[in-house]
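The structure appears below as C-alpha cells.
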Amino acid sequence: MNLKGSAEIYGVVGYPVRHSLSPVFQNAAFRHLGLEAVYIPIEISPEGLGDLINGLKVMENFKGLNVTVPHKEAVLEFSDSLSEEVKKIGAANTLLFRDGSIEAYNTDWLGFLRSAELVTTLEGRKVLVLGAGGASRAVLYALNRAKAEVFLWNRTKEKALKLSRDFNADVVDDLEDALAECQVVVNTTSVGLKEGDPPLFNYDLLRGEQVVIDIIYRETPLIKAAKGKGCKYVTGFPMLVYQGAESFRIWTGCEPPVKIMELSLKDYGYPIESSRTPQRTL
Ligand code: ATR
C-alpha cells in the first residue's frame, strides 16, 4: 500500500472487531477506484466509545465510520444529525464526518433488502421473522418498506410485542404453525452462529418452495437444511457487502464497485458462483 499524507481515513468500530471483513472489501473498493483512502479496524469498549468519536471528529482527514456490535445504538448520542431510517430503527451503522459534524445513517436495512432481492420479491409475501434483537429492527424496517406481510416470532414474546409497536408485524405464538403459512423465513437470531447451537425449530418442516434468509454470514444449519430441501436461500454474506456498499456511496458519492467488493471476499467463503437473479422490489 502506498499511502501519502493526503490520504483520507475510514474505519469500522466494534468490540470485538477482529472478525470484521469490512476492511477487506472497503479497501478493495478504494483501490479499484483509485481513491486515496484507507479503511482501518478500530477496537474499542463501550466505555471508550465517546472519547473515540470525539477524537475522530477533530481529525480533519477522518471521513467515515462503520459501526458494528455493540455500538450501533450508542453512537446516536454522539451524532449531530440522524437520518429518518436511523430514527426509526434506533441504530446507526454508518457515520459521515463532514465539516466538523457527524451525520448518522443506517444501511443495514438496505443491505438486507438488496440481499433478499437476490432470491425473492417481497411485496405482499408472507414473511416469518425469527428474533427480536437489534438486528431484527433493520430487517423489519426493510420488510415494511418493501410492503411484505410480516409475522414475528421471538423466544421471549414480550420483546416481539414491543417491536410490533414500532413496526408493522403480527406476533406469533407458535413458530411451526406460522412456518406452515409463510413463503419466506428470515433468521435474525444468533442461533447458528456457534457450532452445536440447538435448532430454532424442526428444520425438516421447511418446504422446497420456501425462501430462507439467514443474516449470519457463515452457512448455518438452517441454511444447510434449506439447501437440502431445494429452497432458494441467501446467507448474511451478501447483506454484509451491500450494507458496506451503501456506506461507501454515502461517504464517497461514488457508485460502489460491488462486484470488486464481492470478489475481494472470495478467499473468505463469499458465494461468488451464484446464478441468483436479482428481483427488485424497491
Ligand atoms: P442482535 O443485536 O444481533 O439481534 P440480540 O439483541 O442479543 O442480538 O438478540 C439476539 C436474538 O437472538 C434475540 O431475539 C434472542 O431471543 P431472546 O429475545 O429470547 O433472547 C435470540 N436468541 C438467542 N439465542 C436463542 C436461542 N437459543 N433460541 C431462540 N432465540 C435465541
Side-chain angles (χ1 to χ4, degrees), residues 12-22 44-46 49 66-76 85-86 88-94 104 106-113 115-116 127-144 150-167 169-179 182 185-206 212-218 220-226 234-240 242-244:
V12 54
V13 64
Y15 192 66
V17 84
R18 53 198 59 235
H19 61 281
S20 175
L21 294 174
S22 294
I44 202 106
S45 72
L49 185 68
N66 276 137
V67 183
T68 187
V69 179
H71 301 312
K72 290 187 184 193
E73 290 91 16
V75 290
L76 269 55
E85 289 88 2
V86 168
K88 181 78 183 166
I89 297 168
N93 73 323
T94 306
N106 189 303
T107 66
D108 284 331
W109 72 274
L110 197 49
F112 169 78
L113 198 60
S115 71
V127 181
L128 173 61
V129 176
L130 312 175
S136 182
R137 294 184 67 89
V139 167
L140 291 175
Y141 178 81
L143 292 171
N144 281 179
V150 185
F151 298 86
L152 178 61
W153 175 88
N154 194 52
R155 177 180 61 179
T156 314
K157 190 180 174 192
E158 294 68 41
K159 276 166 71 182
L161 288 168
K162 195 161 177 289
L163 265 194
S164 73
R165 289 193 280 275
D166 289 342
F167 299 95
D170 285 338
V171 175
V172 298
D173 286 313
D174 191 298
L175 192 163
E176 291 182 355
D177 281 356
L179 184 74
C182 288
V185 184
V186 184
N187 176 39
T188 76
T189 76
S190 48
V191 173
L193 204 52
K194 292 195 297 290
E195 212 62 58
D197 276 345
L200 284 157
F201 60 92
N202 175 5
Y203 297 153
D204 215 31
L205 295 174
L206 288 170
V212 178
I213 304 173
D214 199 324
I215 69 164
I216 295 173
Y217 50 86
R218 73 185 202 58
T220 58
L222 173 63
I223 290 292
K224 285 199 182 96
V234 63
T235 68
F237 239 138
M239 176 175 170
L240 170 73
Y242 298 162
Q243 60 80 34

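In listed order, ligands and their atoms are each counted from 1.
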- Item | Non-hydrogen side-chain atoms of V86 and L76 separated by less than 4.5 Å | yes
- Query: Considering residues, nucleotides and ligands other than K224, do more than 12 of their heavy atoms fall under 6.0 Å from its NZ?
  - Reply: yes
- Item | Heavy-atom pair with the smallest gap, counting every atom of N144 and V150 | ND2-CG2, 4.0 Å
- Query: Below 4.5 Å, heavy atoms only, C-beta onward: do Y217 and M239 meet side chain to side chain?
  - Reply: no
- Item | Student check: side-chain heavy atoms of R155 and T189 closer than 4.5 Å | no
- Message: Under a plain distance cut-off of 3.5 Å, with no hydrogens placed, do N66 and S22 share a side-chain donor-acceptor pair?
- Response: no
Report all N/O contacts between ligand 1 and the protein shorter than 3.5 Å as a table of atom names and distances to 0.1 Å; if there are none, say 'none'.
from, atom 1, to, atom 2, distance (Å)
ligand 1, 2 (O), G134, N, 3.2
ligand 1, 4 (O), G134, N, 3.1
ligand 1, 4 (O), A135, N, 3.0
ligand 1, 6 (O), G134, N, 3.2
ligand 1, 12 (O), S190, N, 3.4
ligand 1, 14 (O), A132, N, 3.0
ligand 1, 14 (O), N154, OD1, 2.7
ligand 1, 16 (O), N154, OD1, 3.4
ligand 1, 18 (O), N154, ND2, 2.9
ligand 1, 18 (O), K159, NZ, 2.7
ligand 1, 19 (O), R155, NE, 3.0
ligand 1, 19 (O), T156, N, 3.1
ligand 1, 19 (O), T156, OG1, 2.4
ligand 1, 20 (O), R155, NH2, 2.9
ligand 1, 27 (N), R155, NH1, 3.3

